[in-house]
Colleague: 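The following block contains the structure, expressed as structure tokens.
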Amino acid sequence: MMSSSISDTEDQATSSNAFFHYIPTKIDTDPLAYHSNPESSFYVIKNAQQSSSSFPSANSNTLRAGNARTLFTVIPPMPQDTVARPHTSQQRLLIKGGRVVNDDGTTLADVFIEDGVIKQIGLNLVVPAGTKTVDASDKLVMPGGIDTHTHFELPFMGTRSVDDFLTGTQAAIAGGTTTILDFVIPSKEQSLAEAYTQWRERADAKVCCDYGLHAAITTWNDQVAKDMETLTKEKGINSFKVFMAYKGVFMLQDDEIFQVFAKCRELGAIAMVHAENGSVITELEKEMSVLGITGPEGHLLSRPEKLEAEATNRAITIAEETRCPLYVVHVMSKTAADKVTQARLKGQVVFGEPIAASLGADGSQYFNKCWRHAAAHVMSPPLRDDAETGPYLMDLLANGTLSATGTDHCTFNANQKALGKDDFRKIPNGVNGVEDRLAVIWTKGVETGKLDVNQFVAVTSSNAARIFNIYPKKGRIAVGSDGDCIIWDPKASKTISAATHHQACDFNIFEGLQCQGLPIVTIVAGKIAWENGQLNAVQGSGKYLNTACYAEYVYQKLNKREELRDQKMKEQKIEREPYTGEVIDLSKPQAETKSKDQPIQSSGEPNAASVGFHNRPATRAGGRNQQDSSFTFSGDQWDDRNQRKTTRVQQPPGGQSKGLK
Ligand SMILES: NC(=O)NCCC(=O)O
Ligand SMILES: [Zn+2]
């Protein structure tokens, strides 16, 4: 039962199994909790109780998540782990003295984690002797980041992305991300099911943090549809991406996209789209060749922004027609973002994902004199040559129009990018970001006053958890949630560089960016995996996340709409007596049908339509209505069978034709 009243919350606060009592108040004067939005309030957890019981039930209310800032919502029940976490019973950690930041509120509280799960939140907690303590005084304690979009060790464009599930998740952890969602992308000769197994094999042995999978649909047939069912029902995948780009490789046609989206809707999954007009891009690429443009700038010039916006709109339209929720990956331009905005304003369930690159870098790099530098930025859709795009996308994140952030982390070294040294079309597409996303968003979002700390948590973690149905296991600091947290120091700073990053690639698109605000500690499943610049991540310790279909955050509205739509459709059904007259026998030659023998005109009533063309009634004299076209593909006139009256005109107006002499 959904409930959303303040009194419910008050009831809950006094009930025996209440954990927190949230009091909306504007008491916070601490600069750490600075709020840029004057309308938003701070929420303080009072009377936090120690508890070792399980997560609040689905009936319990808490403050509304996300940057929409509706006040009360329901926390769904905790999703079940598919793989039991091994119990290392002595694994206990107390995070002391920090300010706990969720997407809906901030409070001063300690956090006690045991066996990978948050067990207590509050002040003066009683914890077992020997518990390891980490000091978070003057720092923020936030849910670990969720990167919605990575491509670790992806075979692509003749090579393979260099960050694998080990270096990729290590780098993620160094940057404060504790969950990644990667994409299963089948090769031409592979089934979706085989590709899924392959991805699991690659990832399970290496991941240092939990991970989930989306799957890409790169071809469409009945078997793929069946595999989608298996992946959703048995393998924990709830999101499927189609490509409108990479013609001849991954790209699907509109009718296929329609069918994929319809299938997603049927399964309760989320459709995802890489939105670019691949067919037009292929033509524009050829034009670049004709113009002699072979360098990385050709990549940008052949992928104009309007082709991203057009495809975004097309995908949104198809999603609307299939009544399917849509997640637009890597929103790279203002106009594409506007399409998402327009759809959301109309109430469509569409989510937009800007990435670290579109928020923190720009496409002027494609014109850099150094080929290696320019090629290192090649990704699709491209970075836009416009310094305003990043701030624009950040504004849309701040006002809730864009929802979650990823990175599309897909890295290639210079020698791999060099596959396209003479032809930009062969430069492997992809850039870095998994390590830098949080610092870039803090620097470009919080430090500019666009995002408050709670919105920062929303767009880096909680919103993604809700959309992909892993909330509140992930994306929240709460009793019962996984012990994936970061201790964030808003005062810490660094300059991003490939020389010091943990990503395997030899280039960093944020090179030289001075970041303000960093994760000084990253806790993965209750263990410190990153502290004071030291990685202590454990290879293979991450678990695969089962993501269930019908995420309430996504589908609740849609299910209701579907119900109402069905009802409305049924209301429009007309009950009629069945037609009992003659039905034309199409197997017989048309000449034998009755209509041939019957006069076309009987009572001056219209019957022209009955012979296959013309809609307007004949004239009283039985002639063709002059407003009807006399054209048919057969060349026939509808009144061919009527005898025509002819009158020889002896003296036509304008004189007799004598013919040419
Ligand atoms: N985005 C990109 O350029 N590379 C990764 C593959 C994809 O997502 O398109
Ligand atoms: Zn991608």
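These numbers were taken from a predicted model, which means no experiment stands behind them. Both counts, for ligands and for their atoms, begin at 1 and track the order of listing.
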Colleague: Under 3.5 Å, is there a donor-acceptor pair between the Ser289 and Arg425 side chains?
Modeller: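 There is such a pair between these side chains.
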Colleague: Is His151 close enough to the Zn ion (ligand 2) to have an N, O or S atom under 2.8 Å?
Modeller: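 Yes, His151 qualifies, because one of its backbone or side-chain N, O or S atoms lies under 2.8 Å.
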Colleague: Report the C-alpha distance between Asp484 and Lys474 in whole Å, list the side-chain angles of each, state the deciding distance to 0.1 Å, and finish with yes or no for salt bridge (Lys or Arg N to Asp or Glu O under 4.0 Å).
Modeller: CA-CA 7 Å; Asp484 288 349; Lys474 305 290 184 189; 2.6 Å; yes
Colleague: Verify the distance criterion only: is there a donor paired with an acceptor across the side chains of Asn429 and Ser380 at less than 3.5 Å?
Modeller: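 Distance-only check passes for Asn429 and Ser380.
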Colleague: In terms of side-chain geometry, is the basic nitrogen of Arg372 or Asp506 positioned less than 4.0 Å from the acidic oxygen of its partner?
Modeller: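 Salt bridge present between Arg372 and Asp506.
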Colleague: Check whether any N, O or S atom of His330, backbone or side chain, sits closer than 2.8 Å to the Zn ion (ligand 2).
Modeller: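 Checking His330: none of its N, O or S atoms is under 2.8 Å.
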Colleague: Checking one value in my table: which N/O/S atom of Asp408 lies closest to the Zn ion (ligand 2)?
Modeller: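 Within Asp408, restricted to N, O or S, the Zn ion (ligand 2) is closest to atom OD1.
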Colleague: Is it the case that the side chains of Asn463 and Tyr471 hold a donor-acceptor pair, with the cut-off being a distance below 3.5 Å and no angle test?
Modeller: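 There is no such pair (donor and acceptor under 3.5 Å, judged by atom type) between the side chains of Tyr471 and Asn463.
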Colleague: Within the protein, flag every N or O under 3.5 Å from an N or O of ligand 1, and note the pair and distance.
Modeller:
from: ligand 1; atom 1: 1 (N); to: Ser380; atom 2: O; distance (Å): 2.9
from: ligand 1; atom 1: 1 (N); to: Asp408; atom 2: OD2; distance (Å): 2.5
from: ligand 1; atom 1: 3 (O); to: Ser380; atom 2: N; distance (Å): 2.8
from: ligand 1; atom 1: 4 (N); to: Asn429; atom 2: O; distance (Å): 3.1
from: ligand 1; atom 1: 8 (O); to: His151; atom 2: NE2; distance (Å): 3.1
from: ligand 1; atom 1: 8 (O); to: Asp408; atom 2: OD1; distance (Å): 3.4
from: ligand 1; atom 1: 9 (O); to: Tyr246; atom 2: OH; distance (Å): 2.6
from: ligand 1; atom 1: 9 (O); to: His274; atom 2: ND1; distance (Å): 3.2

Colleague: With a distance cut-off below 6.0 Å to the six-membered ring centre and an angular limit of 45° from the axis, does Lys241 pair with Phe183 as a cation-pi contact?
Modeller: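 Output yes; distance and angle both within limits.
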Colleague: Between Tyr246 and Phe156, is the gap from one ring center to the other below 6.0 Å?
Modeller: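 Yes - the distance between ring centres of Tyr246 and Phe156 falls below the 6.0 Å cut-off.
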